[in-house]
Protein chains: 2
Amino acid sequence: MTSPAAARRARQVEERRERIVAAARELAEEHGWEAVTTRRLADAIEYSQPVLYGHFPQGRTEIVTAVALVGFEELAAELSPSALGAAGTDAERVRALVTAYLDFAARNPATYDAMFLLSVVIPFASDDTPAVVRAGFDAIAGTLSGLESPPDDVATAAEVLWGSVHGLAALYRAGRLSAGNDDGRVEALVRLVAG
Amino acid sequence: MTSPAAARRARQVEERRERIVAAARELAEEHGWEAVTTRRLADAIEYSQPVLYGHFPQGRTEIVTAVALVGFEELAAELSPSALGAAGTDAERVRALVTAYLDFAARNPATYDAMFLLSVVIPFASDDTPAVVRAGFDAIAGTLSGLESPPDDVATAAEVLWGSVHGLAALYRAGRLSAGNDDGRVEALVRLVAG
DNA sequence: ATATGTTCTCTAGCACTGCTAGATCTAGCG
DNA sequence: CGCTAGATCTAGCAGTGCTAGAGAACATAT
């Protein structure tokens with residue numbers, strides 16, 4: 001049933017889908033999400049607007065969600081034990097985790113917004129939570145459970161820690177933290193968790 | 001120079017300004033910020049759209065900012081020592097602060113969004129930070145400095161605690177925390193700060 | 001190689017958005 | 001009462017997300 005022509009075609013469709021997502025992300029990181037319009041996206045991939053809806057029937061919000069999912073994939077990778085290096089004292093491990101998280105948010109501000117501000121569509125903490133999203137949470141929980149003196153309730157502690165770093169990232173992004181004290185805040189948070 | 005007619009007029013203008021802000025807030029809490037359009041606001045106050053721009057030359061974003069400022073005023077009031085009751089153990093005081101904060105966010109989701117997500121216009125942690133905004137931060141810092149065993153660096157600790165509660169509020173709002181464990185998270189956070 | 005029918009793609013347009021220029025009306029002053 | 005200054009409205013612009021229907025291109029079967 002899958003003729004060679006159909007296979008090639010499917011490959012082209014998939015490639016075009018990724019070009020849409022990449023264009024959306026680039027446009028967002030460059031000029032903010034309000035600059036990501038269907039017309040500009042169509043221009044970027046050199047097709048007309050309706051083509052976008054062939055790939056993303058739910059339209060713009062679905063494209064934002066796709067960018068968010070890519071972001072979760074990258075974040076989970078950067079928080080994985082292999083990326084962080086699982087050695088050192090408890091404080092060092094927590095510091096590595098927190099720093100990696102905040103770095104990601106600072107390096108990909110628009111993508112981070114898509115992940116946490118814009119796409120409320122993605123189900124969390126439920127059975128059909130995408131695997132990549134769960135992986136990010138698992139990385140945090142994994143770091144906590146691997147500590148020499150782990151918290152009693154790892155799941156709850158992981159949610160609180162996630163909230164804390166997300167809060168710092170969000171306030172930082174909004175310019176609502178005093179400048180030049182980034183390390184001080186990280187250190188204070190690390191000491192709270194692994195102090 | 002200020003004739004009685006002009007004084008009455010000024011009062012009417014101020015009253016209409018407040019009606020705009022109230023309508024925006026109500027509309028946002030009821031149907032979300034995307035439902036807050038200049039046409040609907042004009043309808044609500046029974047004037048035409050251009051009237052809005054007489055009050056808020058910068059347009060819609062300035063109206064959102066006005067709602068945010070009202071929100072900061074209310075939040076500061078609810079976090080003040082007189083509202084919290086400054087007695088009890090360290091854990092009790094921190095718990096009261098955290099709970100009051102999260103309650104406010106849960107009760108006024110759209111207003112909270114205006115304060116932290118939408119209006120990046122408000123300058124923070126700078127000399128021209130509005131007094132009401134600073135008051136919220138001061139309430140957090142005040143609670144921390146009033147503890148029996150206060151943190152070394154109150155300002156930094158207050159920023160971290162603000163980030164933590166904001167993060168929990170944001171993740172909760174986005175439906176990204178496991179359901180039914182609100183108290184557990186609060187307790188875990190309280191123990192981190194005053195444990 | 002050609003006709004066929006499906007599948008894809010584009011043009012054009014709708015209803016909506018924030019915002020503004022210019023006409024119109026109203027209200028206060030002399 | 002007449003006039004002027006100010007407030008207010010009507011109408012419209014450029015842009016948004018999204019979609020129906022016309023048109024082109026393509027793989028398939030003869």
Side-chain angles (χ1 to χ4, degrees), chain A residues 1-21 23-24 27-28 30-68 110 114 118-121, chain B residues 1-21 23-24 27-28 30-68 110 114 118-121:
Chain A
M1 228 25 175
T2 57
S3 70
R8 185 202 58 193
R9 177 105 209 105
R11 217 170 32 229
Q12 287 177 343
V13 164
E14 174 55 24
E15 191 212 296
R16 197 170 56 178
R17 197 196 117 102
E18 273 162 27
R19 286 214 298 143
I20 295 172
V21 177
L27 219 45
E30 197 91 8
H31 300 104
W33 277 107
E34 72 282 356
V36 181
T37 71
T38 55
R39 280 167 182 80
R40 268 193 271 263
L41 282 179
D43 268 14
I45 63 167
E46 294 179 303
Y47 281 92
S48 64
Q49 296 178 60
V51 168
L52 301 173
Y53 293 84
H55 294 276
F56 302 95
Q58 308 199 28
R60 207 193 98 116
T61 65
E62 194 176 351
I63 298 176
V64 177
T65 303
V67 172
L118 305 174
S119 58
V120 191
V121 184
Chain B
M1 229 30 175
T2 56
S3 70
R8 186 201 57 196
R9 176 109 208 103
R11 215 168 36 227
Q12 286 177 342
V13 164
E14 173 56 23
E15 193 212 296
R16 197 170 56 180
R17 196 196 120 102
E18 273 162 28
R19 286 214 299 142
I20 295 172
V21 176
L27 219 46
E30 198 91 8
H31 300 104
W33 277 108
E34 73 282 356
V36 181
T37 70
T38 54
R39 278 167 181 79
R40 268 194 270 263
L41 282 179
D43 268 15
I45 63 167
E46 295 180 302
Y47 281 92
S48 64
Q49 298 178 61
V51 167
L52 301 174
Y53 294 84
H55 293 276
F56 302 95
Q58 308 200 27
R60 207 192 99 116
T61 64
E62 193 176 351
I63 298 176
V64 177
T65 302
V67 173
L118 304 174
S119 59
V120 192
V121 184

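Residue numbers begin at 1 in each chain, while the letters A, B, ... track the order of the sequences. Values below: all heavy atoms of this structure, side chains included; hydrogens, waters and symmetry mates excluded.
Using a 4.5 Å heavy-atom cutoff, the side chains of Leu41(B) and Phe56(B) are not in contact. Counting heavy atoms from C-beta on, the side chains of Leu52(B) and Ile45(B) come closer than 4.5 Å.
For Arg60(B) and dT17(C), the CZ to P distance is 10 Å, given to the nearest whole Å. Straight-line distance from the CZ atom of Phe56(A) to the P atom of dC18(D): 12 Å, rounded to whole Å. In this structure, Ile20(B) places its CD1 atom 11 Å from P of dT8(D), rounding to the nearest Å. Separating the CG atom of Leu52(A) from the P atom of dT19(D) is a distance of 12 Å, rounded to the nearest angstrom. Nucleotide dT7(C) holds its C1' atom 13 Å from the CD atom of Gln12(A), rounded to whole Å. As a whole-Å value, the separation of Asp43(B) CG from dG18(C) P is 12 Å. Atom pair Arg9(B):CZ and dA5(D):P shows a separation of 17 Å (rounding to whole Å applied). Rounding to whole angstrom units, OH of residue Tyr47(A) and C1' of dT9(C) are separated by 9 Å.
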Exercise for review: Check the pair Glu15(B), Arg19(B) against side chain to side chain contact (heavy atoms under 4.5 Å, CB included), reporting the backbone distance first and the verdict last.
Suggested key: CA-CA 6 Å; Glu15(B) 193 212 296; Arg19(B) 286 214 299 142; 4.2 Å; yes
Point to revise | Audit row: Asp43(B), Arg39(B), side chain to side chain contact (heavy atoms under 4.5 Å, CB included) steps and yes/no | key: CA-CA 6 Å; Asp43(B) 268 15; Arg39(B) 278 167 181 79; 5.9 Å; no
Dump every N/O contact between nucleotides 11-13 of chain C and the protein below 3.5 Å, one line per pair.
none

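Residue Arg16(B) places no side-chain N or O under 4.0 Å from the OP1 or OP2 atom of dA7(D). Contact annotation: Arg40(A) side-chain N/O to dT16(D) OP1/OP2 distance is under 4.0 Å. For Thr37(A), a side-chain nitrogen or oxygen approaches OP1 or OP2 of dT16(D) to under 4.0 Å. Within the 4.0 Å cut-off from OP1 or OP2 of dG18(C), at least one side-chain nitrogen or oxygen of Thr38(B) is found.
Comparing Pro57(A) and Ala35(A) along DNA chain D, the residue whose closest nucleotide (by nearest heavy atom) sits nearer the 5' end is Ala35(A).
Nucleic acid contact for Val13(A): none, since no nucleic acid atom lies under 4.0 Å from a heavy atom of the residue.
Legend: residues meeting side chain to side chain contact (heavy atoms under 4.5 Å, CB included) with Glu34(A), ordered by chain and number and at least two apart, are absent.
Here CZ of Arg60(B) is found 8.5 Å from CD1 of Ile63(B). Values are rounded to the nearest 0.5 Å.
Residue pairs meeting the side chain to side chain donor-acceptor pair (under 3.5 Å) criterion with at least one member in residues 46-57 of chain B, sequence neighbours excluded, are Arg16(B)-His55(B), Thr38(B)-Gln49(B).
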